[in-house]
Amino acid sequence: MSDSGVSVRVSGKVQGVGFRPFVWQLARRLRLRGEVCNDSAGVEIRLLQSAAIPLFIERLRHEPPPLARIDSLSVQPYAWPSPPQDFTIAETRQGRMMTQVAPDAATCPDCLEEVLHAGNRRSGYAFTNCTHCGPRFTLIRTMPYDRSGTSMAAFRLCPACRREYQDPADRRFHAQPVACPHCGPQLFATGQDGTTLARESAAIDYATAALLAGKIVAIKGLGGFHLACDATQQQAVMRLRQRKRRPAKPLAVMLPDISWLARCGKSDRARQALMLSAAAPIVLTEKNATSPLCAAVAPGLDETGLMLPFTPLHHLLMQACRVPLVMTSGNGADRAPALTNEEALSQLAGIADIWLLHDRDIIQRADDSLVRLGPQGLEILRRARGYVPDAVTLPPGLTARSPLLAMGGDLKNTFCLVQGDRAMLSTHFGSLANSDIACQRQQAVTHFQQLYNCTPTTIVQDAHPAYVGSQQSERPVLEVLHHHAHIAACLAEHRWPLAHGPVIGLALDGLGYGENGALWGGECLLADYHRCQHLGGLPAVALPGGDRAAREPWRNLLAHWLAFVPDWQQRPESKALLGKPWQPLARAVAAGVNSPLASSCGRLFDAIAAVLGCAPAVLSWEGEAACRLEVLARQAADIAHPVTLPLRHTATGTRLDLAVFWQQWLDWQAAPAARAFAFHDALARGFAALAHYHAGQTGLDTVAAGGGVLQSRLLRQLLQRYLSPLHVLMPQHIPAGDGGLALGQAVIACARLHNAAPHTVTRDCYD
């Protein structure tokens, strides 16, 4: 005879986050009998019938462990073959993978207390963790999440750690990376030849002495390596820049503790909470005029990327150094970040002086996440460590009938694997033009498919035929316009339902493949998840020299003036441009030789930066000109000016009139900061007017925006102002730039395949 009860099925981020011991403790407190176990669908809880079950379920929903997230919870009747006498934790059951992989989490306060204070067996141990913190994603080989499927399998638990691991009342119960100095990973410092110089605490002391002496140390972290140096020593930072061949791109800085935030930047409760969160990202923060950080950390910019230590190793190092340290990616110029000790010793030779290494393998790369706090809250610019691979739940009405894989773009690459109503967006990879980065990305694609036990039946990719990230595949391929994907990513983030139809889309970007092979970058679209219709935007302007125009701003200035300023050579602003080899380029533009036309918002920023002299002749990093231009503009924010970017209606759509803009802007002889602000303001007013016009024409009241140009704080702020009273959707938790493309591609594919026959192949990217 069976006994009645219930089965509680919980899915979401519920494995490797202390969920089962939480359930065990809760059930014991409520005197419930039954069992809890992990399986490939999440967590199942079986309970013998009791009046306390409703209270148990209520607390389960509202009081989960810190790192857990419940996406769904269902209750079904369950018949017990024989009544349980207690509540137990059962063995993991295998099956089809449906649960989520947890991101790595920063060291929790309890573990940090153990590491930094004497009197316990983990004092000074660089790999201390528990169910509430530590590595997850970067060390998982297979799911379900058990120690045997991680890079910790090589480390056999000592008796003391095993007791903790097996005790449901202990916070290390089934913490798969659990370890101590007797049985876990070991830390050591080496020279370039790999010879061990010091071990454990002595290795920390060795690295500290090197850093304070102005040397560069390569540090093995969770999902890769850092190159570190003293952020207060100008000479040390310049040495790192020279060796890494990174002349001007800003460098992230790790602070010893949260008290340093007020000394180095703007400090408030929101920023402190973000830096102290489990994700522990790099937070872009306004510079403090009295900051001890040297000028070489972020030259020419008004923000610094600051973060806190997120592993015990970093805490120990920062406590020993007691000064802020540059923490930049551990890779050589144009190389994928090193993941193994051997790669680091080889690739970083000639850059690092000392290597601080350990013997735990990194299974999956995870760069540091980069975020900013804006007026609308958190803005994620690079989604990686601490956020990946948290799944994005697809908007209502969208689901993948069979798994699909979206490949993203060639720059700031991420990919996206979709199962059912969940989209798993990968970590950040960067430019696929570098073959070893492309190889690392492909290895990660394979790993994701193995991790989620998922073989995609459809590949989704950018419509550009020359993209490295595009695949020649035997599987059905669906192509998506670059800027349609940007708008769709924004819609998906805000859970815009499939049934709600189109919105007005503003795609403000560098370059992307558009309708009929056109190069777009400043567009107004009528878009939903199925299709997009081009309504207008910036006029197309030549890119003299093709790709070189993205690196040399003066080329874009020449193209704009050739197109819109007939008397440009008589203008006082033309002096610098006339000193360049402009005549051959002008002839090439006139003949259409290596000068493709593009309606690029990013290249317009470059042109303005060039004429104001706030950008170098050759850019050393993408976005450098736009960032420096914004710094200049913010010095004169909200001043009155006569500059406009009016609408001009043509047979091919509504265009923003750059001829009027350039005439007014050049005629207004104001200070450079004022002119920089006037450009941002006129651009925001122009695109807002474009959106308002087409909203009136279509009867729509929602605007969704996307594209890398929206990483400009000032432009976002002005667009929000001028788009009122329309309902505005801006990218927040999914990157506005190409890091969000794969999600946009994925939801477009889900919509297009919703009513399509299985295995439909489509290369029609515009309907």
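The backbone N or O of V392 lies less than 3.5 Å from no partner atom in the side chain of R422, so there is not a single donor-acceptor pair. With Q233 contributing its side chain and K215 its backbone, the two residues share no donor-acceptor pair below 3.5 Å. Between the side chain of W80 and the backbone N or O of V6, no donor-acceptor pair lies under 3.5 Å. Under a 3.5 Å cut-off, the side chain of D146 and the backbone N or O of G149 do not form any donor-acceptor pair. One N or O on the side chain of H117 and one on the backbone of E113 form a donor-acceptor pair closer than 3.5 Å. Distance alone, capped at 3.5 Å, is enough to place a donor-acceptor pair between the R239 side chain and the G214 backbone. At least one donor-acceptor pair closer than 3.5 Å links the side chain of R147 to the backbone N or O of Q176. A donor-acceptor contact shorter than 3.5 Å links the side chain of Q186 to the backbone of P181. Side chain of T196 to main chain of A198: no donor-acceptor pair is present (N/O by atom type, distance under 3.5 Å, no hydrogens or angles). Not one N or O on the side chain of S11 forms a donor-acceptor pair closer than 3.5 Å with the backbone of D71.
With sequence neighbours excluded, no residue forms a ring pair (Phe, Tyr, Trp, His ring centres under 6.0 Å) with F56. Here Y125 pairs with F127 under the ring pair (Phe, Tyr, Trp, His ring centres under 6.0 Å) rule; sequence neighbours left out. Not counting sequence neighbours, the partners of A338 by the side-chain contact (heavy atoms from CB on, under 4.5 Å) test are F225, E343, A344, Q347. S426 meets the side-chain contact (heavy atoms from CB on, under 4.5 Å) test with T414, F415, F429, F448; sequence neighbours excluded. Scanning for side-chain hydrogen bond (donor to acceptor under 3.5 Å, both in side chains) contacts around D361 gives an empty result, with sequence neighbours left out. Residues meeting the side-chain hydrogen bond (donor to acceptor under 3.5 Å, both in side chains) test with D436, sequence neighbours left out: R335. For A118, the side-chain contact (heavy atoms from CB on, under 4.5 Å) partners at least two apart in sequence or on another chain are S123. Considering only residues two or more places apart in sequence or on other chains, Q192 meets the side-chain contact (heavy atoms from CB on, under 4.5 Å) condition with A349, W355. Partners of T446 according to the side-chain hydrogen bond (donor to acceptor under 3.5 Å, both in side chains) rule, which considers only residues two or more places apart in sequence or in another chain, do not exist here. Contacts of R122 classified as side-chain hydrogen bond (donor to acceptor under 3.5 Å, both in side chains), with partners at least two apart in sequence or in another chain: E164.
In this structure, the separation between CD1 on I45 and OG on S7 is 8.5 Å, given to the nearest 0.5 Å. Rounding to the nearest 0.5 angstrom, the gap separating the CG atom in L139 from the CD1 atom in I362 is 10.0 Å. Of the inter-residue distances, the one linking R246 atom CZ with R241 atom CZ reads 6.5 Å to the nearest 0.5 angstrom. Distance OG1/T285 to NZ/K287: 12.0 Å, rounded to 0.5 Å. Taking CZ of R171 as the start and SG of C130 as the end, the distance is 4.5 Å to the nearest 0.5 Å. The structure places CZ of R162 at 15.5 Å from CZ of R172, a figure rounded to the nearest 0.5 Å.
Within the structure, salt bridge (Lys or Arg N to Asp or Glu O under 4.0 Å) pairs that include any residue of residues 217-234 do not occur (at least two apart or interchain). Residue pairs satisfying the ring pair (Phe, Tyr, Trp, His ring centres under 6.0 Å) criterion with at least one member in residues 166-193, sequence neighbours excluded, are listed as follows: Y165-H174.
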Salt bridge (charged side-chain N to carboxylate O under 4.0 Å, His left out) between E303 and R372, worked out: CA-CA 10 Å; E303 288 181 306; R372 175 192 281 139; 3.0 Å; yes
Chi angles and distances behind the side-chain contact (heavy atoms from CB on, under 4.5 Å) call for L348, I216: CA-CA 10 Å; L348 304 181; I216 298 164; over 6 Å; no
Test log, rule salt bridge (charged side-chain N to carboxylate O under 4.0 Å, His left out), inputs R385 and D368: CA-CA 5 Å; R385 177 184 53 76; D368 296 320; 3.0 Å; yes
side-chain contact (heavy atoms from CB on, under 4.5 Å) evaluation trace for C158 with R163: CA-CA 9 Å; C158 68; R163 283 193 296 273; over 6 Å; no
Criterion side-chain contact (heavy atoms from CB on, under 4.5 Å) on L308 and H315, from CA distance to verdict: CA-CA 8 Å; L308 291 177; H315 278 288; 6.0 Å; no
Stepwise salt bridge (charged side-chain N to carboxylate O under 4.0 Å, His left out) test for D257 and R322: CA-CA 9 Å; D257 55 54; R322 297 306 306 168; 3.1 Å; yes
Full working for side-chain contact (heavy atoms from CB on, under 4.5 Å) between L306 and L255: CA-CA 7 Å; L306 304 176; L255 305 178; 4.2 Å; yes
Verdict with reasoning, S151 to R141, per side chain to side chain donor-acceptor pair (under 3.5 Å): CA-CA 7 Å; S151 58; R141 297 185 193 274; 5.6 Å; no
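Shortest non-hydrogen contact noted between V17 and P65 is O-CB, 3.5 Å. The shortest non-hydrogen separation linking V101 to L451 is CG2-CD2, 3.8 Å. Across I89 and P168, no two heavy atoms sit closer than the pair CD1-CB, 3.9 Å. In this structure, P324 and L293 approach most closely via the heavy-atom pair CB-CD2, 3.6 Å. Nearest heavy atoms, L67 versus T131: CD1-O, 4.0 Å. Here the closest heavy-atom approach between residue A106 and residue S277 is recorded as CB-O, 3.9 Å.
Ion pairing between a basic and an acidic side chain is recognised when a charged N comes within 4.0 Å of a carboxylate O; D86 and R33 show no such pairing.
At a threshold of 4.5 Å between non-hydrogen side-chain atoms, the residues L60 and V10 count as touching. Two residues are said to be in side-chain contact when any heavy atoms from C-beta on lie closer than 4.5 Å; T128 and T107 fail this criterion.
Checking T138 against D104 by side-chain atom types alone, a donor-acceptor pair falls below 3.5 Å. One side chain, Q272 or S267, offers a donor N or O that lies under 3.5 Å from an acceptor on the other. Side-chain contact annotation: R365 with T427, donor-acceptor N/O pair under 3.5 Å absent. No donor-acceptor contact under 3.5 angstrom links the side chains of T304 and K266, judged on distance only.
In this structure, the ring of F22 has its center no less than 6.0 angstrom from the ring center of W24.
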